[in-house]
Amino acid sequence: MIPAPFAYVRPTTIDEALQAVADGGEDVKIMAGGQSLIPVMRLRLAAPETVVDLGRVTELRGVRDDGDAIVIGAMTTHHDVLVDPLVAQHAPLIAEATETVADRQVRARGTFGGALAHADPAGDLPAVALALDAEFVVAGPGGARRTVPAADFFVDYLTTALGEGELLVEVRIPKLAGQWGMHYEKFTRVAQAWPIVAVAAVVRRENGAIAEARIGLTNMGPTPLRASAAEAALAGAAATPDGIAAAARSAAEGTSPSSDLNAQADYRQHLAQVLTRRAVTAAAGL
Amino acid sequence: MTMVEEPATTAPAREVGQSRKRKEDARLITGKTTWTDNMVLPGMLHLAVVRSPVAHAKIANVDVSAAQQAPGVIAVFTGRDFAEEQGSIPCAWPVTPDMVNPGHPSIAVEEVNHVGEAVAVIAARSKAAAMDAVELVDVDYDQLPVVLDMEAAVAEEADLCHDHVESNESFAFVFDAGEAGTGVDTEQVFADAEVVVSRRFVQQRLIPAFMEPRAVVVQPQGDNYTMWSSTQVPHILRLMLAMVTGTPEHKLRVIAPDVGGGFGGKLQVTPEEVISLLVAKRLGKPVKWAETRSESLMSAHHGRDQIQYIDIAADREGNVKGLRCRILSDMGAYLRLVSPGIPILGAFMYVGIYKFPAYRFECRGVFTNKTPTDAYRGAGRPEATFAIERIMDELAVELDMDPLELRRKNWIGAEEFPFTTAAGLEYDSGDYEGATQQALQLLGYDELREEQRRRRESNDPVQLGIGFSTFTEMCGLAPSRVLGSLSYGAGGWEHASIRMLPTGKVEVVTGSSAHGQGHETAWSQLVADELGVPFEDVEVLHGDTSISPRGLDTYGSRSLVVGGAAVVNAAAKVVAKARKVAAHLLEASEDDLEFANGSFAVRGTPGATKSIQEIALATFAAHDFPEGVEPSIDADATFDPVNFSFPHGTHVCAMEVDTETGRVEIRKYACVDDVGTIVNPLIVEGQVHGGLAQGIAQALYEEAVYDADGNLTTGTFVDYLVPSAADLPHFETGHTVHPAPGNPIGAKGIGEAGCIASTPAVVNAALDAVRHLGVSDIRMPLTPERVWRAIHQGGDGGDRATAGTNAYGGAQTETTAGVATDASALGGDR
């Protein structure tokens with residue numbers, strides 16, 4: 001299908017991009033890889049007046065080591081994330097989840113920052129960012145920068161803390177110290193689909209017990225969520241099947257999933273428990 | 001003359017039976033061909049269709065003024081503009097004398113009856129201009145009650161889908177073996193039966209989802225019109241367009257260029273084809289219409305959608321005594337080309353391969369405010385096969401018998417062919433035991449049964465089940481007299497002609513219009529063997545009513561069985577004609593000539609030979625021709641078999657069920673099909689794989705879902721789940737070969753077998769995995785949620801929520817075109 005008419009701007013620097021966004025007024029839309037935006041424009045679910053295409057802003061691409069964190073440029077493609085050695089070393093959870101995003105073609109164009117800024121509750125990466133306590137570096141009008149913790153970034157359905165005229169520049173993933181294991185457990189009906197529910201688990205083991213667990217839930221509400229009750233139950237729990245299973249029973253506490261063709265809310269809550277148990281078990285190396 | 005190439009001197013190996021790679025694939029796969037949507041004609045206008053966002057309403061007003069003034073727009077037409085000339089989309093299969101047909105305008109005039117129905121059409125200089133103008137057409141709808149549920153639609157005091165007809169029932173068709181003389185009294189059998197098992201099965205609504213969306217181009221030239229359409233049926237389309245629009249048949253030419261799939265979905269005369277012709281006529285300009293994928297899912301006809309009430313009677317020893325089927329079949333809002341005939345095609349297959357003494361079939365066609373249904377791969381036979389293969393498993397459970405033992409006890413023995421069933425069909429050939437034994441071996445049956453036992457004993461969260469489908473189907477939609485006895489509006493013959501070119505190359509014209517099946521390859525193999533010419537020297541022409549003037553096109557696994565047979569018969573006529581010429585040139589008696597490997601030789605006279613290529617050249621020159629013989633060895637043939645062909649096979653599925661999540665995964669799938677003589681094993685394997693994918697998709701993935709307002713919420717491929725190779729297992733395939741006696745090739749048809757056979761095998765396997773947990777049925781598709789609910793909450797898994805997934809902003813139709821009321825999927829104003 002053909003989208004409604006729109007103006008198109010293709011800046012080459014962050015400053016130009018911010019200016020283009022400012023010039024675009026209220027009905028401006030920032031395009032990263034376009035893998036979510038273009039389909040909704042073609043379906044005419046979205047009809048922005050201006051599209052600012054970040055495809056040529058090279059300074060937004062790439063992964064770098066920043067001491068206590070790795071920093072992923074917002075325009076780094078899923079493919080580039082997947083093959084990056086820093087990601088593999090410090091945040092293999094990101095690579096594991098990214099590998100399940102759609103298909104090869106989408107991963108070649110879709111971007112890490114675009115997926116996060118889109119804030120689709122069924123997207124794989126928001127819950128992962130949440131579980132890794134990522135920090136979002138945002139540039140505003142005039143170039144001012146601010147940093148938003150993941151817990152504050154996802155505000156509502158398809159809505160983030162990004163304000164008018166702001167641009168997601170990069171995402172800082174803190175390096176973890178100690179014995180950490182990670183796993184992304186995704187539940188779909190067909191390959192290449194968005195998850196019905198998915199669980200991102202990051203677990204630190206100490207002396208045969210689970211010292212700390214961070215659990216991000218995908219598609220269990222309008223935003224990605226942390227399974228706080230399960231995290232609390234896991235802290236200090238025995239790293240055994242029974243211990244993990246008992247804690248995972250509280251994984252759906254505080255969630256408000258939607259009902260759709262794939263799953264009604266009660267089934268999603270059941271899945272969250274099963275998948276949390278499986279994700280934590282795998283992350284704990286059991 | 002020296003134009004002829006050196007004739008092939010070595011005898012080509014026999015082509016039939018070889019896995020020739022398809023000669024059409026290079027251009028199809030690389031896109032080096034012209035699909036309808038690639039056509040560009042000088043001055044061509046682009047059409048966009050304005051579609052109803054509501055399922056049932058009176059059209060109060062259509063205001064097209066803003067659209068007419070939009071940039072690039074040439075004209076806007078509504079139903080009123082074409083009311084006098086658009087006629088009704090034809091229904092060629094009145095299955096009962098009193099069948100109610102409410103009429104089907106191509107553009108709605110007074111009333112819309114389903115979401116997606118055309119209400120206006122824009123003609124503009126560009127596709128973008130046409131699409132932009134769609135949003136400017138302002139239609140006032142006075143909404144009417146929406147009829148969606150078939151059981152409610154046929155209840156007392158139901159709301160009406162069409163208020164000018166008396167009820168929502170289109171027809172009530174009955175076949176009773178007792179009355180037909182092919183069986184005993186069904187009611188008596190049930191009254192006397194020791195065991196009766198009754199079930200209600202739901203055949204969900206499916207969408208054919210062909211790869212190439214539909215497209216039409218119409219070019220007016222004087223009072224002639226050429227239509228290119230992405231259709232399976234150019235010949236039927238030409239005839240029907242002439243009848244519907246009054247355009248004289250000889251002034252219409254229809255071309256189906258390369259067509260990207262159909263699965264029955266392009267066995268249709270569509271509103272858009274009629275609209276395109278009418279607009280081209282009105283404006284005197286070439287026009288093109290090409291649909292989007294979401295338009296296709298919403299408005300191209302759907303398939304299946306039946307509720308089946310099945311009763312089976314047997315004695316305690318497991319001998320089946322009778323079968324009684326009552327079917328509600330959803331027609332959707334209108335009757336299209338063969339909508340009513342689809343369930344009736346199944347009517348004769350419910351008895352499957354079993355020797356039922358008694359059989360009764362009743363089917364009511366029901367109108368609802370949904371997209372019309374019509375042919376979809378298998379067309380009636382998958383529904384029948386599902387019902388019989390599922391109820392046999394239920395009977396086995398009731399009798400505490402092994403499901404295979406029950407089948408074996410009741411199926412037709414290899415020595416009993418030809419066998420006339422209680423449904424009155426004469427099955428041609430086969431060996432059900434042989435196919436079954438081979439399938440069990442391919443599966444590794446005994447080991448998997450052992451593993452199933454272990455998993456049950458250890459209470460493994462992942463349980464294993466094995467399901468069977470020992471199926472047969474009727475193929476080669478042909479016997480014209482049989483189709484006539486079923487009130488079908490056309491015959492079932494097929495036509496072919498063979499033209500011998502002066503250089504010895506061969507043109508084969510077939511009336512069977514290919515859309516992905518590989519006709520060009522298979523027909524070349526047939527002709528290479530019959531005429532003894534190289535495979536590469538044969539060109540197959542099809543899909544253009546001017547080039548291929550007679551034909552009944554491609555559907556119902558008929559192409560090879562009927563169309564291929566016509567080709568073989570035409571080739572035999574070519575050889576017979578060439579024989580006269582050869583005898584003349586070799587100065588021998590016709591009786592002394594032998595034809596082999598493309599050459600006539602005089603018996604007992606070594607070296608005295610004439611190749612078919614030499615004869616073709618001699619015929620072209622006609623310098624030295626037998627007295628009184630016309631200088632042509634070209635030939636035509638029209639084939640009309642006396643019976644259907646009956647492929648059969650045994651499909652076995654091993655299924656893992658994760659009882660914690662409800663997720664099912666096919667562990668192994670084995671099938672042994674008997675499709676008679678195999679012309680090209682590679683093509684047959686491809687047809688089996690594709691058919692299995694679609695049959696498994698019905699069992700596990702696909703379902704067209706409407707919300708309470710009649711919005712199609714599976715409006716994109718995000719929600720209408722078509723599985724990919726990544727979702728399907730490796731298939732273990734095998735064959736037995738019992739040639740069909742009813743055609744010269746011995747082929748039975750393979751286009752639909754995989755799709756017909758696989759669905760019940762998959763569902764039976766899933767049930768076998770969890771039956772010990774108290775599950776006796778799960779509704780299709782077997783979504784993880786349904787399986788989980790059936791295991792943990794009982795029942796058949798229940799209704800799904802109707803809202804489309806919210807992924808990428810909620811892509812369902814409702815938000816683009818539909819209404820949002822409290823009753824709709826997302827509730828309220830969104």
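Values below: all heavy atoms of this structure, side chains included; hydrogens, waters and symmetry mates excluded. First the proteins, then the strands, lettered A, B, ... as listed; each starts at 1.
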- Task: Could you tell me which of B:Arg293, B:Glu295, B:Glu135 has the largest number of non-hydrogen atom pairs under 4.5 Å with chain A?
- Result: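 Among the listed options, the one with the most contacts to chain A is B:Glu135.
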- Item | Heavy-atom closest contact (B:Asp799 atom, A:Gln264 atom, distance) |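 Heavy-atom minimum between the residues: O-NE2, 3.3 Å.
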- Which pair of non-hydrogen atoms, one from A:Ile2 and one from B:Lys127, has the smallest distance, and what is that distance?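 Heavy-atom minimum between the residues: CD1-CG, 3.6 Å.
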So do the side chains of [X] and [Y] get within less than 4.5 Å of each other, counting heavy atoms only?
X	Y	value
B:Ser724	A:Val190	no
A:Arg44	B:Asp132	yes
B:Arg663	A:Leu271	no

- Interface moiety of A:Val274 toward chain B, non-hydrogen atoms closer than 4.5 Å: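 A:Val274 touches chain B through side-chain heavy atoms alone.
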- Item | B:Gln793 versus chain A, the contacting section by heavy-atom distance below 4.5 Å |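 Contact with chain A is through the side chain of B:Gln793 alone.
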- Measure B:Arg786 against the heavy atoms of chain A and call it side chain, backbone, both or neither at under 4.5 Å.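 Contact with chain A involves no heavy atom of B:Arg786 at all.
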Distance in Å, [X] [atom1] paired with [Y] [atom2], rounded so as to fall on 0.5 Å steps:
X	Y	atom1	atom2	value
A:Thr188	B:Leu721	OG1	CG	9.5 Å
B:Thr292	A:Leu43	OG1	CG	8.0 Å
B:Thr783	A:Ile196	OG1	CD1	8.0 Å
A:Trp194	B:Thr805	CH2	OG1	7.5 Å
A:Leu261	B:Thr714	CG	OG1	7.0 Å

- Task: Step through the shown structure and confirm whether more than 12 heavy atoms of other residues, nucleotides or ligands are within 6.0 Å of NE2 on A:His79.
- Result: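 No, the 6.0 Å shell around NE2 holds no more than 12 heavy atoms from other groups.
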- Message: Other residues, nucleotides and ligands only: do more than 12 of their heavy atoms fall within 6.0 Å of CD on A:Glu26?
- Response: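 No, not enclosed.
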- Query: In terms of heavy-atom pairs under 4.5 Å with chain B, which of A:Gly123, A:Pro5, A:Ser258, A:Ala193 leads?
  - Reply: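 Max contact count across the listed options: A:Pro5.
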- Who are the side-chain contact (heavy atoms from CB on, under 4.5 Å) partners of B:Ser296, not counting sequence neighbours?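 In terms of side-chain contact (heavy atoms from CB on, under 4.5 Å), with neighbours along the sequence ignored, B:Ser296 is linked to B:Phe210, B:Glu291, B:Ala300.
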- Salt-bridge criterion met for A:Arg189 and B:Asp719 (N-O under 4.0 Å):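 No salt bridge links A:Arg189 with B:Asp719.
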- Task: Hey, could you give me each pair passing side chain to side chain donor-acceptor pair (under 3.5 Å) that has a residue in residues 267-276 of chain A? Not counting sequence neighbours.
- Result: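 Those involving residues 267-276 of chain A are A:Thr255-A:Gln269, A:Asp260-A:Arg268, A:His270-B:Trp788.
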